[in-house]
Every structure is written in structure tokens, then in C-alpha cells.
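Quick note on labels: first sequence line is chain A, next is B, and so on, each numbered from 1. Only this structure's heavy atoms are used, side chains among them; waters, hydrogens and symmetry mates stay out.
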2 protein chains.
Amino acid sequence: MSCGGRNMQSKITINGIAKIAKVSKGTVSRVLNNERGVGEKTRERILKLIKDLNYKPSAIARSLVSLRTNNIGIVLPSDFGAGISQAFWPSILSSITRAAAELNMCVLVTTFNPEEEAVEDSYKRILAEHRVDGLITFADILGKRRTAELIAGRYPFVSIGRDDGMRHHFVDVENREGAQTMTEHLIELGRKNIVFVCGPKTLPSVRARLSGFKDVIGKYPQVKGKVLEVPFSSHEAQKAIVGHLGENRAVDALFIGAVNFVMDGLVACKHLGLAIPGDIAFACFDELDFFKERNLLTSPITSIAQPVDELGREAMNMLHELLKGDVKGFHQKLLPTTLIVRESCGEAKAGRAN
Amino acid sequence: MSCGGRNMQSKITINGIAKIAKVSKGTVSRVLNNERGVGEKTRERILKLIKDLNYKPSAIARSLVSLRTNNIGIVLPSDFGAGISQAFWPSILSSITRAAAELNMCVLVTTFNPEEEAVEDSYKRILAEHRVDGLITFADILGKRRTAELIAGRYPFVSIGRDDGMRHHFVDVENREGAQTMTEHLIELGRKNIVFVCGPKTLPSVRARLSGFKDVIGKYPQVKGKVLEVPFSSHEAQKAIVGHLGENRAVDALFIGAVNFVMDGLVACKHLGLAIPGDIAFACFDELDFFKERNLLTSPITSIAQPVDELGREAMNMLHELLKGDVKGFHQKLLPTTLIVRESCGEAKAGRAN
DNA sequence: TTGAAAGCGGTACCAG
DNA sequence: CTGGTACCGCTTTCAA
């Protein structure tokens with residue numbers, strides 16, 4: 001038995017329908033697109049035929065004439081399937097996909113490796129080949145140069161996160177404000193010696209959060225703030241934290257600047273025998289599922305939550321607006337973060353903790 | 001300044017090239033597709049033009065004539081961005097995307113909610129509209145009825161995981177053998193009272209693993225095996241485990257049948273004050289990043305690892321074969337699992353632990 | 001080796 | 001209200 005060969009998906013086309021209905025394909029097209037100017041009986045006859053034969057117009061053919069595919073591309077880092085930050089990618093992809101579906105659009109996944117200079121990144125290819133109408137990118141991943149290329153090429157895209165000084169459409173979270181909020185929170189709780197762990201300052205989001213931290217520290221002379229800038233790669237953070245905390249027993253708060261470092265932070269504390277929140281307050285920018293539960297790790301962890309779902313939805317909707325073409329200037333949207341107070345910073349105050 | 005409007009991606013087409021090169025578009029088409037029968041000089045002239053103008057043929061137009069899009073769809077559960085099993089989805093998606101890229105294909109993400117009966121699932125739509133040439137699905141998610149529909153419609157698809165008794169192309173892991181291996185392992189280590197925690201038997205993978213467990217238990221009269229079948233939803237597993245282990249202090253091994261339950265298992269043990277592996281051996285079907293490290297959770301966890309990368313790659317390649325059309329009968333591929341011995345089952349024996 | 005023309009499955013416009 | 005036709009960008013004969 002042969003099962004291969006031609007793909008059997010409805011070979012029937014608009015011509016087929018037209019022929020059977022004994023009308024021109026123009027008429028069929030009209031009922032397909034719900035246009036007026038078709039006799040009631042004809043319309044119904046055609047509609048029935050369409051339903052009976054389970055006919056669906058070819059998106060390809062439609063695209064050819066409309067010059068729009070109704071597909072958008074999302075540009076992910078090639079290693080999005082690994083590591084703890086992986087929690088972010090499926091979430092954002094999921095929200096984008098959902099938003100896209102509501103707009104009758106489809107999402108095409110592209111990956112690229114920020115580390116290496118490819119001959120041609122695949123996201124450029126799908127753009128050039130007209131496989132997609134536009135792109136959703138990530139400022140932290142894409143980098144300034146590539147973003148500039150997209151701008152120069154006048155490709156429609158919206159970035160999640162932003163590169164300062166670049167003019168493009170974006171939706172971003174209030175990283176700076178979020179970091180400020182958390183720092184203030186720690187200080188209000190009486191912490192006086194805070195360590196902030198963050199990734200490389202090359203990333204826009206890192207810079208924003210870092211500056212938020214520094215802003216607040218600068219306002220309180222009696223509070224000491226220390227920044228630990230470490231690469232995202234394997235456990236540098238852990239070593240750095242153990243190193244610093246080991247030598248500075250006065251540190252009473254650890255502010256993890258990105259979810260990537262939570263485990264390192266937690267392990268470091270355990271390593272040093274530091275009780276949370278007894279000996280040290282533990283806070284994290286970004287929210288993770290297990291933060292909320294009293295599990296075997298620690299007490300529930302206080303965090304700054306990003307509105308990931310909204311981020312994806314807004315990006316998708318913004319891109320859709322762009323594509324419709326009636327956009328003047330730049331769309332830039334900032335989404336607020338939420339401080340979720342739990343137990344890891346001590347003295348559980350009132351606050352939304354779920 | 002208006003930035004909206006027409007998408008500027010190279011408006012230049014094959015006609016433009018032809019015109020400038022003063023040849024017919026047929027000729028341009030020939031050089032594009034690397035066909036013979038074009039004068040050396042003409043070819044080079046055209047090639048240069050293509051490069052200079054950075055021309056890329058429209059995938060849309062090509063698809064229209066070839067009736068192939070070179071896109072494939074992947075059908076994910078709508079909540080793939082949540083929960084701990086989320087670790088699986090980005091990994092598999094990533095590997096599929098990489099494999100697709102090598103074949104010059106693109107991946108279109110579709111989601112659907114197994115719980116609810118949609119008017120029309122979007123994966124059917126993209127198929128009907130010819131947005132994709134074929135699908136990669138997941139047996140555990142799609143379910144028998146929907147799989148049957150795809151078969152009946154003669155749509156090209158390969159399933160990851162399989163429904164017993166259904167004839168279709170698939171690639172699967174040796175769930176049964178994996179569960180057997182782990183169970184044997186526990187018994188060899190001297191464990192005599194093993195609890196197996198698994199999800200609903202409606203899922204093919206659950207059935208396979210369960211039968212593997214039972215097979216082995218059946219072979220050893222002196223070993224007691226107990227199955228705890230629980231829903232994947234929130235912490236039913238935890239309650240069930242605490243309940244059972246609380247009443248049966250003789251249990252000396254916990255075999256978690258799917259990664260979804262690890263946390264529940266771990267928390268349950270902690271709750272009961274059971275030391276791992278002192279009081280109880282802890283094993284898990286599926287591998288998670290943090291299993292390998294001695295972290296704050298437990299000792300490194302012994303597991304059965306699925307070859308996720310291979311799974312995705314094989315599925316993609318198999319689908320590609322199908323699409324080429326030269327496939328007879330059914331392609332079905334089984335991938336072996338790997339027992340990774342670590343410390344959570346006691347008596348660290350020799351074995352690959354990394 | 002090359003050009004001309006038909007056609008893939010639709011949309012859009014014009015005449016009737 | 002409806003049919004006819006040109007055309008979207010490319011591939012594929014068929015002649016020349």
C-alpha cells in the first residue's frame with residue numbers, strides 16, 4: 001500500500017466551485033469575501049456548495065494578489081529551548097500565537113544565534129521571500145546593529161524591549177521602574193546593604209534595571225548598594241555571589257536582577273548557610289511559577305512580575321496596526337510591572353501574594 | 001513623519017530582473033533554479049544583477065505554481081507556555097525548527113485546546129488553506145479522534161508519540177522499555193516496595209510507561225508495586241503521594257512517571273520527612289536540567305532521559321520524506337531512552353551521570 | 001540558448 | 001447582479 005504521494009488536501013478551487021455553480025469565479029469570489037452585489041439565491045447556492053465541498057480558498061493565491069500573507073515571524077534566540085530563562089520564551093510565544101489567532105494571522109518561528117555571524121539570518125530570508133508580513137523581535141536578543149538593519153530596510157517590525165536611542169516601534173516593560181520599586185521595597189523593610197546581581201550591560205533590559213537600582217540607592221546615603229555584573233553562562237553568578245557574600249557578611253539583601261540567576265542565588269545562600277529571610281532578604285526581578293509556593297526551596301519569593309501575556313498581545317496588535325498601514329510616527333508602549341510581596345524579604349507586609 | 005504604509009521589502013520581481021537584463025523571465029527563472037541551458041555570459045550577468053539588487057524570488061508565487069509552501073505546522077497544546085512540562089515544548093520546538101531550517105523549511109506554530117471542541121481547529125485551517133504542506137502532531141495531545149481525522153483526510157503528518165492501533169507515520173520514544181529499565185534498576189538496588197506515579201491512562205505515553213512498570217513488577221514476586229494514577233492538574237499528585245506514603249511506611253522507592261509530577265513528589269517526600277535516598281529512592285521518567293546538580297532540592301536525581309532533540313529532528317525529516325512523496329507504507333521510528341544513574345536512588349553504581 | 005505564452009488560484013475592475 | 005478579463009510573481013512547456 002502506498003501512502004505517499006500527492007497531498008490530498010481539497011484539490012477543489014474557486015474555479016471548481018464556479019463551474020459547478022455555473023457562475024463566474026468573480027461571483028464566487030464575491031461571496032467568499034462577503035461582498036454585496038450578489039443575488040440572494042446565487043449567494044446561497046454558492047455558499048451551500050462551499051460548505052458541502054468543504055472548500056477553503058488558498059491563502060497562497062490570495063497572498064499573491066494582496067501582497068499580504070497574514071503570517072508574522074517571531075525571532076527567537078537559537079537556544080530558546082534551554083536554560084532557566086526558557087520559562088519566558090514559551091510564555092511569550094504562546095501569548096503572541098493566541099493574539100495572532102484572534103487576528104486571523106499565523107506565527108512563523110525563526111531562530112538565530114546572536115553569537116555568530118550567519119551568511120544570512122533566516123529572519124531576513126522569510127522577510128525577503130515574503131513569507132511573512134512583519135516581525136516581532138526582542139531587543140535583548142537582536143542587538144542594535146541588526147535592529148538598525150531592519151529599520152533601514154523599512155521592514156515592519158515591533159520589538160519587545162527597546163534599544164535606547166533607536167527609533168522604532170516597540171512594547172517594553174518598565175524595567176527601570178520595576179527595579180526602583182523593588183529596591184525601595186527592600187529599603188523600606190530595613191535592609192541596608194543590598195547586592196544587585198545582573199547580566200552584561202550590553203543588554204538594554206539590564207541597563208534599565210541597573211539604573212533603576214542605582215537611582216534608588218543614590219537616594220539613600222545610609223544604604224549601601226553593590227552591583228555584581230556577571231555573564232549569563234554557567235554559574236558565574238553563583239561564584240560571584242558566594243565570593244561577595246562570603247567576604248561581606250553585612251550584606252542583608254540579595255536582589256536578583258533576572259530570572260536566569262535565581263538558582264545561583266538560592267544555591268549560593270544555601271552554600272553560605274544564610275537563612276532567607278532571616279539572614280538575608282531574597283528578591284527577584286521576574287516571576288517564576290515556583291516562587292509562589294512554599295516548597296522545598298525556600299519560603300515563597302518576593303518578585304517583580306512582568307506582564308508577559310500582555311507583552312505578547314500588545315506586540316502582536318501593534319504589529320497588526322502597522323501592517324494595516326495607518327500608523328503615523330512610532331508606536332511605543334510601556335507596560336508596568338507588579339511587585340509581588342511574599343515572604344523571602346522578611347516581615348510579610350500587606351500586599352498581593354498569590 | 002509617516003512610517004506606516006507599504007512594506008518596503010524589495011519591490012523588485014523576476015520581471016524587473018528580466019527587463020534590466022534584457023532577457024525573458026523564463027531565462028531568469030532558469031538561473032534562479034540553477035537549471036542548465038543558459039549561456040554562460042547571460043547567466044553571470046543575471047546572477048550579478050540578482051546579487052546587486054538583492055533580489056529574492058517570492059515564496060508565495062513559487063508556492064502557487066508548485067503547490068508546495070515549504071512550511072510545516074506544529075500543533076501544540078494551547079497551554080504549552082505554562083507548567084513544568086513546559087520544559088518539553090520549547091526543546092522540541094527548537095529542535096524541529098533547527099531541522100526545518102536545514103531543509104529550507106519554516107515552522108508555523110499552531111495551538112489548540114484539547115479540552116474544548118472548537119468550531120474549527122486552527123491546524124485544520126492552515127492545512128485547508130494550504131499554508132503548510134504538512135503537520136507535526138503529538139499523540140498525547142491530539143487524541144485518537146483528531147488523529148483519525150487527519151488520517152482519513154490523507155493529510156501528511158507525522159506524530160510524535162503514537163496511538164496504538166492507528167496506522168500513521170510516527171516517531172516515538174521507547175516509553176515502555178524505559179519504564180522497564182528504571183524499574184529493573186530500582187529492584188537491582190534492592191528496593192522492594194515501589195510506587196509508580198502516572199497521569200491518566202487516556203494518554204498513550206502513560207499507558208506505555210505503566211505497562212513497562214507492570215511488566216517488571218510482575219516478574220518479581222517479592223517486589224510490591226503500586227500505581228498512583230492522578231490527573232496532571234494542580235497537586236493532585238502531591239496529595240496522593242502523601243496519602244499513600246503516609247499510610248505505607250514500607251514504601252522504599254518512588255518512581256515518578258512523568259516530569260509533571262517531580263515537584264509534587266519532592267515536596268511530598270519533604271513533607272513526610274523522608275530522606276532521599278536514605279528513606280526512599282526517588283526516580284523520574286524524563287530528564288530536567290536541575291536533576292544533574294547537587295542543589296538545594298535533593299541529591300542529583302536518577303532519571304530516564306528522552307532524546308528530545310532527536311525526536312524533533314527525526315519527525316521533521318520523516319515529514320520531509322513524506323512530502324517528497326516517495327514513501328511506501330508507514331514510517332515508524334522508535335528512539336531509545338537513556339537511564340541516567342545519579343544519587344537519588346542510593347548506592348551510586350557505575351553509570352553515566354553528568 | 002532563449003523568448004513567448006499558458007497557467008497556478010485568487011482579486012478587481014469594467015462592461016453589460 | 002453578473003460575466004469577462006487582466007494581473008499578482010513565478011514555473012514550465014513549446015517553438016524558434
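- Comment: B:Glu149 engages B:Arg145 in a salt bridge, judged by a side-chain N to carboxylate O separation of less than 4.0 angstrom.
- As rounded to whole Å, 12 Å separates atom C1' of C:dG7 from atom CG of A:Leu64.
- Computed from coordinates, the B:Arg131 CZ to C:dG10 P distance equals 13 Å when rounded to whole Å.
- With rounding to whole Å, B:Arg62 atom CZ is found 21 Å from C:dG10 atom P.
- As judged by a 4.0 angstrom heavy-atom cut-off over every strand, A:Val28 is placed among residues making no nucleic acid contact.
- Rounded to whole Å, the distance from NZ on B:Lys25 to P on C:dA5 is 11 Å.
- A:Lys41 comes within 4.0 angstrom of no nucleic acid atom, judged by non-hydrogen atoms across all strands.
- The interatomic distance linking A:Leu32 (CG) with C:dG10 (P) rounds to 8 Å, in whole Å.
- Within 4.0 Å (heavy atoms only), A:Val65 reaches at least one base atom of the nucleic acid.
- Residue A:Thr42 is in sugar-phosphate contact alone, with no base atom involved, counting any heavy-atom pair closer than 4.0 Å across all strands shown.
- Heavy atoms of B:Gly26 sit under 4.0 angstrom from at least one base atom.
- Nearest nucleotide to the A:Val38 side chain, out of D:dC10, D:dC8, D:dT2: D:dT2.
- Among the heavy atoms of the strands lying under 4.0 Å from A:Gly37 is at least one base atom, whether or not backbone atoms are also near.
- OP1 or OP2 of C:dT11 lies within a sub-4.0 Å distance of a side-chain N or O belonging to A:Ser29.
- Residue A:Lys56 contributes atom NZ, which lies 12 Å from atom P of C:dG10 at whole-angstrom precision.
- Here A:Ser24 reaches the OP1 or OP2 of D:dG3: one of its side-chain N or O atoms lies under 4.0 Å away.
- If you measure from atom CZ of A:Arg68 to atom P of D:dG9, you get 16 Å, rounded to the nearest angstrom.
- Heavy-atom neighbours of B:Lys144 NZ from other residues, nucleotides or ligands within 6.0 Å: above the threshold of 12.
- Spacing between atom NZ of A:Lys22 and atom C1' of D:dG3 amounts to 15 Å, rounded to whole angstrom units.
- Between B:Asn15 and D:dC10 there is no side-chain N or O to OP1 or OP2 distance below 4.0 Å.
- Atom CZ of A:Arg62 sits about 9.0 Å away from atom CG of A:Asn70, to the nearest 0.5 Å.
- At a threshold of 4.5 Å between non-hydrogen side-chain atoms, the residues B:Thr97 and A:Leu76 do not count as touching.
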Report the C-alpha distance between A:Ser94 and A:Arg98 in whole Å, list the side-chain angles of each, state the deciding distance to 0.1 Å, and finish with yes or no for side-chain hydrogen bond (donor to acceptor under 3.5 Å, both in side chains). CA-CA 6 Å; A:Ser94 168; A:Arg98 254 175 292 134; 3.0 Å; yes
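- Of the candidate nucleotides C:dA12, C:dG9, D:dC10, C:dG9 has the atom nearest to the side chain of A:Ala61.
- Regarding contacts with the backbone of C:dG3, a side-chain N or O of B:Thr27 is found under 4.0 angstrom from either OP1 or OP2.
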